[in-house]
Amino acid sequence: MSEKRNKCKWNESKYVHTAAGILKVYLSEAVLLLPALLVCIPVLILLTGSVMGRGELAGYLRPVLGEAEGYISWKLMPDYPTFENYKRLLLETPQFFVLFWNSIGMVAAILFGHLAIGVPAAWAFAAYEFPFRKWLLTVYVVLMLLPFQVTMLSSYLVLNGMGLMNTQKAVVLPAVFSTFPVFVCYGGFRQIPKEMLDSARIDGAGEALIFIRFALPLGKGGILSALVLGFLEYWNLMEQPLAFLEDKALWPLSLYLPEISWQQAGYAFAASVITLIPAVFVFLAGQDHLEKGIVYAGLKG
């Protein structure tokens with residue numbers, strides 16, 4: 001009889017702990033869901049504003065524009081949805097596509113440069129021992145932390161001396177030699193066992209073959225993570241083009257939006273949505289590799 005009572009008490013205690021654990025999980029999810037919804041609110045405003053008519057938008061935005069008193073109001077579902085803003089943007093604004101392809105070309109060139117320069121540099125730091133390796137890597141990390149405002153003058157003097165001002169190369173070349181992809185890829189390459197590399201060398205494999213057959217496949221997570229983060233950063237580039245490009249025909253798409261006045265709010269919302277789509281697509285496609293890259297970046301070499 002006592003054994004049955006003890007068994008019942010144990011089952012009851014187990015049930016209580018299980019129920020408390022489930023409740024704790026739900027509460028944690030609810031607490032995390034609230035800031036996630038707050039983050040999504042600007043995107044929802046963009047989506048709904050892009051399909052609103054000019055008159056409806058003017059009514060909602062009058063307090064912001066100083067034409068009325070009170071607080072701003074907003075609807076997640078427009079009273080009279082329209083795709084006129086997208087029609088005007090995609091069919092009647094050729095300069096939008098010029099800047100769009102400018103962004104595509106510059107971002108593609110920068111990411112190709114990261115693959116050609118940053119990835120081999122990261123492999124050299126991870127696979128080889130040479131004097132002052134750790135000190136040099138520390139310098140790389142410090143350079144990564146410097147904001148653009150600190151290096152803008154020196155970059156301007158160098159680019160002007162090379163005759164590259166007011167060309168897209170003035171934006172691409174400094175970004176190609178960024179230290180961030182080196183830092184991210186370095187963490188991925190450090191996970192490759194050195195014994196495997198030593199065995200390959202004993203079997204007669206050259207350094208180029210080891211890099212192609214071992215480093216690239218096994219360090220794929222860090223490389224793809226660096227590419228995803230690089231795309232998200234350089235797709236939204238603003239300061240460097242403003243500083244180095246005078247001709248607006250050379251500007252990337254990220255500088256097109258500030259040129260839109262408040263009188264074209266719906267048009268601005270539609271342009272923002274179109275600009276956001278590639279970044280969202282790349283983020284969703286590379287989310288798994290992005291998480292691996294964040295883990296690698298937190299590992300010490």
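All of these numbers come straight from a predicted model, not from anything done at the bench. We use all heavy atoms of the structure for the numbers below, so side chains are in, but hydrogens, waters and symmetry mates are not.
For the atom pair Thr179 OG1 and Phe183 CZ, the distance stands at 9.0 Å (nearest 0.5 Å). Within the model, atoms CG of Leu89 and CZ of Phe97 stand 6.5 Å from one another, a figure rounded to the nearest 0.5 Å. Rounding to the nearest 0.5 Å gives a distance of 12.5 Å between CG of Leu232 and CG of Leu237. Here the CG-CG distance, from Leu242 to Leu255, works out to 4.5 Å after rounding to the nearest 0.5 Å. To the nearest 0.5 Å, atoms CD1 (Ile210) and OG (Ser199) are separated by 10.0 Å. Note that CG of Leu229 is 10.5 Å distant from OH of Tyr234, once rounded to the nearest 0.5 Å.
Judged by distance alone, with hydrogens and angles left aside, the side-chain atoms of Ser225 form no donor-acceptor pair with the main-chain N or O of Gly221 at under 3.5 Å. Using a distance-only test at 3.5 Å, with no hydrogens or angles considered, no donor-acceptor pair links the side chain of Asn85 to the main chain of Ala270. Although no hydrogens or angles enter the test, the distance criterion places a donor-acceptor pair under 3.5 Å between the side chain of Ser103 and the main chain of Leu253. Trp251 contributes a side-chain N or O that, together with a main-chain N or O of Leu245, makes up a donor-acceptor pair within less than 3.5 Å. Put simply, the side chain of Thr82 never gets that close to the backbone of Gly53: no donor and acceptor are under 3.5 Å apart.
Take Asp198 and apply the side-chain hydrogen bond (donor to acceptor under 3.5 Å, both in side chains) test, not counting sequence neighbours, and it matches Arg201. Phe214 meets the ring-ring contact (aromatic ring centres under 6.0 Å, His included) test with no other residue; sequence neighbours excluded. Residues satisfying the side-chain hydrogen bond (donor to acceptor under 3.5 Å, both in side chains) test with Tyr128, not counting sequence neighbours, are Glu207. Here Phe148 pairs with Phe244 under the ring-ring contact (aromatic ring centres under 6.0 Å, His included) rule; sequence neighbours left out. In this structure Asp247 satisfies the side-chain contact (heavy atoms from CB on, under 4.5 Å) test together with Asn166, Ala249, Leu250, sequence neighbours excluded. Qualifying side-chain hydrogen bond (donor to acceptor under 3.5 Å, both in side chains) partners for Thr48, counting only residues two or more places apart in sequence or in other chains: Trp74. With sequence neighbours excluded, the residues forming a salt bridge (Lys or Arg N to Asp or Glu O under 4.0 Å) with Glu129 are Arg133, Lys194, listed by chain and number. By the side-chain hydrogen bond (donor to acceptor under 3.5 Å, both in side chains) test, Gln149 pairs with Glu239, sequence neighbours left out.
Ring-plane geometry between Phe83 and Tyr86 is classed as tilted, the angle between the planes lying from 30 to 60 degrees on a 0 to 90 degree scale.
By the 4.5 Å side-chain criterion applied to Ile, Leu, Val, Met, Phe, Trp and Tyr, Leu37 is assigned to a cluster that also includes Leu33.
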Let me see the working for Phe283 and Val280 under side-chain contact (heavy atoms from CB on, under 4.5 Å), right down to the final yes or no.
-> CA-CA 5 Å; Phe283 174 79; Val280 172; 5.7 Å; no
Going through the checks in order, is the side-chain contact (heavy atoms from CB on, under 4.5 Å) test met by Ile104 and Phe100?
-> CA-CA 6 Å; Ile104 292 292; Phe100 177 84; 3.9 Å; yes
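Nearest heavy atoms, Leu47 versus Ser50: O-OG, 2.7 Å.
For residues 212-236, no pair satisfies salt bridge (charged side-chain N to carboxylate O under 4.0 Å, His left out), with sequence neighbours left out.
Side chains of Tyr267 and Thr93: a donor on one and an acceptor on the other come within 3.5 Å.
In the displayed structure, Glu92 atom CD is contacted under 6.0 Å by more than 12 heavy atoms of other residues, nucleotides or ligands. For CZ of Phe132, the number of neighbouring non-hydrogen atoms (other residues, nucleotides, ligands) closer than 6.0 Å is 12 at most.
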Determine all donor-acceptor pairs shorter than 3.5 Å in which one atom belongs to a side chain in residues 153-162; sequence neighbours excluded.
unit_1 : atom_1 : unit_2 : atom_2 : d
Ser154 : OG     : Thr151 : O      : 3.0
Ser155 : OG     : Thr151 : O      : 2.8

Name each donor-acceptor pair under 3.5 Å that joins a side chain in residues 105-126 to protein atoms two or more places apart or in another chain, with its distance.
unit_1 : atom_1 : unit_2 : atom_2 : d
His114 : NE2    : Ala175 : O      : 2.9

